[in-house]
Amino acid sequence: MAIDLNDGQHLAANSAWRTFLPNETLTTICRGLSPSVLATIARVSRQWRDVAEWLLYSNIFISETLSASSALPYSTLRCCQTIRLHSHLANGLRKLHIRWKLEYGAYYAPDFDIFLFNLTHALGLATNLQSLDLHLGLPSLSEHPTSTFLSFPATDACYHSLRRVSLSGIGPFTHNRLTNFLNILPAVRHLRLPDYHDQITLIPQALPSLVSFSGSPRVAAAILPGRPVQSLVLIGQDYIPDLDLSQMVLTSVPLRHLDLSSMLVTPTLLRNLSRNLNTVESLKVKLALRHTLHFAGIGLLAALSHLLGAFRNLSTLDLSPTHVDYTGLSNSTEELSLCRSWQNACPSLRRVVFPSQTEWAFQEDGNTWVSVLVGELRRRPAFYSPNKFLGS
């Protein structure tokens, strides 16, 4: 008789499925089932419950809205308490993504630190994590004392499997807490610290596998030197000191991808970037020319030619984050002219996305630029997929 593994009610009621199977085999069979089905089949037997719980707690995604009527993240608390009580669940935890959304005017109780305490201890036990994404919104807790923050676990154990880390809104940072945590992440490849702006000093051996970083220019200048970072997302200020730029050049491999869509880029800043980070192959920019472009048109962008010429490997230029009032309306003649002008200055250029969201690609066989469309939708370069980890 064929059995539908997604029919949890049938499995729970059918005694034929209660015969013994090795945990490894049962785990393989149940892997991929939806959380609701796993919760149902956990009632089949004690063995099935253990396997189902282990799978349910291997990937944790919690999103809670904190408001005046529901001021505390109880789902996070219950989850962390369970992990603390059952060490085998902590050992199997691979992904931990927690996001607290704050409603305007929300009230926060004085015992909020209890929730952070449990989260800290759960992190200390989950040393097999592969992905950690915490967005807690703590800087917005104006009614709560400024001492409210997430403490990183005090442990000498390294997180040897942790590949992706994104930390934001976890409260006022102190240098030592964050530094000590980053120093025990030998396998991290992607790091995102969007709201950390203080100076940071890591041991030379820290983050040896880092290939992408997202954060403020000041922190990037401290983290990039000596590390194999190829992709960089800068967040925040529209001015970057020359000293910081000179430090970003000191990566152990050439920087290939630069995303400036989270800051306003002036022509002066773009000039300074072209003098220092001229090895990039793809460049995503939000130009600080919104009103100027509205009145003068995109023909004004022809002045970028002499700046783009300094990027000797540039193949993709994405200006889509630049907002102008006519977004959605493209002037094909002007855009084609700009593509040709920029390629004359930067021969490696092969793909351009304009503020109108129109994408242009250079066809080698026809030696010409063509507008790239998929149906009625304008297509973005693959590197800037909206599903990418950094800059989300």
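Values reported hereafter were calculated over all heavy atoms of this structure, with side chains retained and with hydrogens, waters and symmetry mates removed. Since we're looking at a predicted model, the values are computed, not measured. Count residues from 1 along the sequence.
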R163 CZ: over 12 foreign heavy atoms closer than 6.0 Å: yes
Heavy-atom closest pair, residues S305 and A345: O-CB, 3.2 Å
Whether S209 side chain and R189 backbone form a donor-acceptor pair below 3.5 Å: no
Considering all heavy atoms, the nearest V229-S231 contact: CG1-O, 3.4 Å
side-chain hydrogen bond (donor to acceptor under 3.5 Å, both in side chains) evaluation trace for S356 with E335: CA-CA 10 Å; S356 66; E335 291 179 350; 2.7 Å; yes
D195 side-chain N/O to G169 backbone N/O, donor-acceptor pair under 3.5 Å: yes
Side-chain (R227) to main-chain (A206) donor-acceptor, under 3.5 angstrom: yes
E64/R99 ion pair, N-O < 4.0 Å: no
Heavy atoms from other residues, nucleotides or ligands near NE2 of H88 exceed 12 (cutoff 6.0 Å): yes
Sidechain-backbone polar pair: T266 side chain, L269 backbone, donor-acceptor under 3.5 Å: yes
For the student: nearest non-hydrogen atoms of P194 and S168, plus distance: CG-CB, 3.5 Å
Mutual orientation of the aromatic rings belonging to F181 and Y159 [parallel < 30°, tilted 30-60°, perpendicular > 60°]: perpendicular
Whether N128 side chain and N91 backbone form a donor-acceptor pair below 3.5 Å: yes
Backbone of L162 reached by a side-chain donor or acceptor of R164 within 3.5 Å: no
Under 3.5 Å donor-acceptor, Q343 side chain and L349 backbone: yes
Closest non-hydrogen atom pair between L336 and W369, with its separation: CD1-CB, 3.6 Å
Donor-acceptor contact present, side-chain S348 to main-chain L314, <3.5 Å: yes
Nearest atoms (heavy-atom pairs only) where L277 meets V249: CD2-CG2, 3.8 Å
Test item: T316 and H257 side chains (from C-beta on) under 4.5 Å apart, heavy atoms: no
Heavy-atom pair with the smallest gap, counting every atom of S216 and Y196: OG-O, 3.2 Å
Exam field: side chain T82 to backbone R78, donor-acceptor pair closer than 3.5 Å: yes
Plane angle bin for F115 and Y74 - parallel if under 30°, tilted between 30 and 60°, otherwise perpendicular: perpendicular
Side-chain heavy atoms of L308 within contact of L317, under 4.5 Å: yes
E281 backbone acceptor or donor facing S315 side chain under 3.5 Å: yes
